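Let me begin by presenting the structure, written as structure tokens, before commenting on it.
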There are 2 protein chains.
Amino acid sequence: MNISTIANKSGLPPKTIRYYEEIGLISPNRKQNGYRDYSETDGIKLHFLQRARSLNFSIEDCRKLLSLYEDKTRASADVKQLAQAHLKTIERKIYELKTMQESLNKLVASCHGDNDPDCTILDGLSGVFNSTDKSK
Amino acid sequence: MNISTIANKSGLPPKTIRYYEEIGLISPNRKQNGYRDYSETDGIKLHFLQRARSLNFSIEDCRKLLSLYEDKTRASADVKQLAQAHLKTIERKIYELKTMQESLNKLVASCHGDNDPDCTILDGLSGVFNSTDKSK
DNA sequence: GCTTGACCTTCCATCTGCTGGATAGTTTAA
DNA sequence: TTAAACTATCCAGCAGATGGAAGGTCAAGC
């Protein structure tokens with residue numbers, strides 16, 4: 001299979017597939033003309049990578065997952081541990097983003113958003129909080 | 001003020017402060033010896049940048065926010081619009097991460113995590129779902 | 001047989017937002 | 001005076017691709 005065929009099958013763009021080869025995640029055969037020749041196994045691996053990446057696993061995690069996938073004597077505990085660690089990372093990111101969302105929401109909510117230069121968002125960013133209370 | 005003084009005040013490391021100068025966010029004076037000499041105004045700007053970055057505003061957004069901050073004839077509507085767009089981005093990211101969290105949680109929950117090679121996580125990543133149901 | 005267009009190849013640059021390290025000059029305190 | 005603690009510049013590298021240039025190849029239509 002040529003690269004664009006496998007690209008369609010795996011859901012990954014050709015550029016990304018070549019990149020994955022460059023960093024040693026896959027190693028397809030070559031035809032006489034120099035074109036890459038992907039096997040069904042390559043397709044399965046690329047699809048696996050696509051899914052793992054879509055769950056935000058890092059490339060290095062993907063590398064480990066792929067080698068566990070290919071190791072038929074693996075312990076599922078090893079896979080689970082990796083996945084749980086990643087889950088923690090995701091949870092941490094969600095928490096961070098929620099904190100930002102909350103802060104930003106407060107700033108946005110109190111800003112009039114009109115033609116006037118007075119802006120609680122800029123006040124908040126510059127460290128001047130409770131500027132709206134000055135009117136009290 | 002030398003760079004490490006302003007670094008402590010603004011909460012940004014010296015390397016980052018030099019980088020911000022390189023990309024044109026600030027432009028401190030220089031002393032005769034070539035050292036950067038930061039004013040109070042520079043300090044305020046850097047602190048502003050530190051806060052904006054901590055809310056995940058991109059550098060380009062920060063640049064716009066900073067110029068709005070300095071433009072005393074601004075309309076707060078412009079600031080609000082920028083902030084709201086960013087809020088949408090944050091919300092989108094939270095949603096994406098939650099989707100990932102959910103998927104990964106399901107995979108992890110159904111994996112035995114023992115010495116056995118059978119692994120629902122790897123099955124899920126390779127596209128073989130409901131593998132546990134095969135025992136029924 | 002020839003051309004055209006859609007492929008494919010490699011290589012190098014770019015993106016975001018810093019961070020680390022090398023090398024060298026300067027200041028400050030003991 | 002000397003050593004530590006600054007400061008400066010410059011270049012490389014991180015992740016994870018992506019874009020583009022320059023060139024080779026292949027398949028279809030005339």
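What you are looking at is a predicted structure, and each value in this text was computed from that prediction instead of being measured. Numbers restart at 1 for each chain; the letters A, B, ... are given by sequence-line order, proteins then strands. Both backbone and side-chain heavy atoms feed into the values below; hydrogens, waters and symmetry mates do not.
- In this structure, A/Ile23 reaches neither bases nor backbone, as no heavy-atom distance under 4.0 Å exists between it and the strands shown.
- In this structure, A/Ile59 and A/Arg53 have side chains that are in contact, with non-hydrogen atoms separated by less than 4.5 Å.
- Put simply, the side chain of A/Lys45 does not reach to within 4.5 Å of the side chain of A/Leu25, judged on heavy atoms.
- One atom, CG of B/Asn8, and another, C1' of D/dC6, lie 13 Å apart when rounded to the nearest Å.
- Here B/Pro13 lies in heavy-atom contact (under 4.0 Å) with sugar-phosphate atoms only.
- Heavy atoms of other residues, nucleotides or ligands lying less than 6.0 angstrom from CG of B/Asn115 number 12 at most.
- Between the two ends of the helix from C/dG1-D/dC30 to C/dA30-D/dT1, each summarised by a five-pair axis, the helix axis turns through 20° (rounded to 10 degrees).
- Within the 4.5 Å cutoff, no side-chain heavy atoms of A/Thr16 are placed close to those of A/Gln50.
- Taking 4.0 Å as the cut-off between side-chain N and carboxylate O, B/Arg63 and B/Glu60 count as a salt-bridged pair.
- Residues B/Leu12 and A/Tyr38 each lie close to DNA chain C; by heavy-atom proximity, the contact nearer the 5' end of the strand is made by A/Tyr38.
- The closest side-chain heavy-atom distance from B/Val79 to B/Tyr69 is not below 4.5 Å.
- Residue B/Lys31 qualifies as enclosed at atom NZ: its count of foreign heavy atoms under 6.0 Å is above 12.
- Within the structure, ring pair (Phe, Tyr, Trp, His ring centres under 6.0 Å) contacts touching residues 99-118 of chain A (residues at least two apart or in different chains) do not occur.
- The shortest side-chain heavy-atom distance between A/Asp42 and A/Met1 does not fall under the 4.5 Å cut-off.
- Looking at heavy atoms from C-beta onward, A/Lys9 lies out of side-chain contact with A/His47 at the 4.5 angstrom threshold.
- Atoms CG (A/Asn56) and P (D/dG16) sit 9 Å apart, rounded to a whole Å.
- Side-chain contact between B/Thr89 and B/Arg92 is present, with heavy atoms from C-beta onward closer than 4.5 Å.
- Taken residue by residue, residues 58-65 of chain B places heavy atoms nearer than 4.0 Å to DNA chain C at B/Ser58, B/Ile59.
- The one candidate from A/Asp114, A/Thr120, A/Asp118 that meets the side chain to side chain donor-acceptor pair (under 3.5 Å) condition with B/Ser76 is A/Asp114.
- The CG atom of A/Asn2 sits 7.5 Å away from the OH atom of A/Tyr35 when rounded to the nearest 0.5 Å.
- Looking only at distances, no side-chain donor or acceptor of A/Arg36 sits under 3.5 Å from a matching main-chain atom of A/Ile3.
- Here chain B contacts DNA chain C (any atom closer than 4.0 Å to a heavy atom, that is under 4.0 Å), and the contacts span C/dG17 to C/dT27 from 5' to 3'.
- Proximity of residues 24-37 of chain B to DNA chain D (heavy atom under 4.0 angstrom from any strand atom) is restricted to B/Arg30, B/Gly34, B/Tyr35, B/Arg36.
- Summarising the geometry of A/Gly43 relative to A/Ile6, their closest heavy-atom pair is CA-CD1, 3.6 Å, with the distance given to 0.1 Å.
- Using a 4.0 Å cut-off on heavy atoms, the residues of residues 15-22 of chain B that approach DNA chain C are B/Lys15, B/Thr16, B/Tyr19, B/Tyr20, listed by number.
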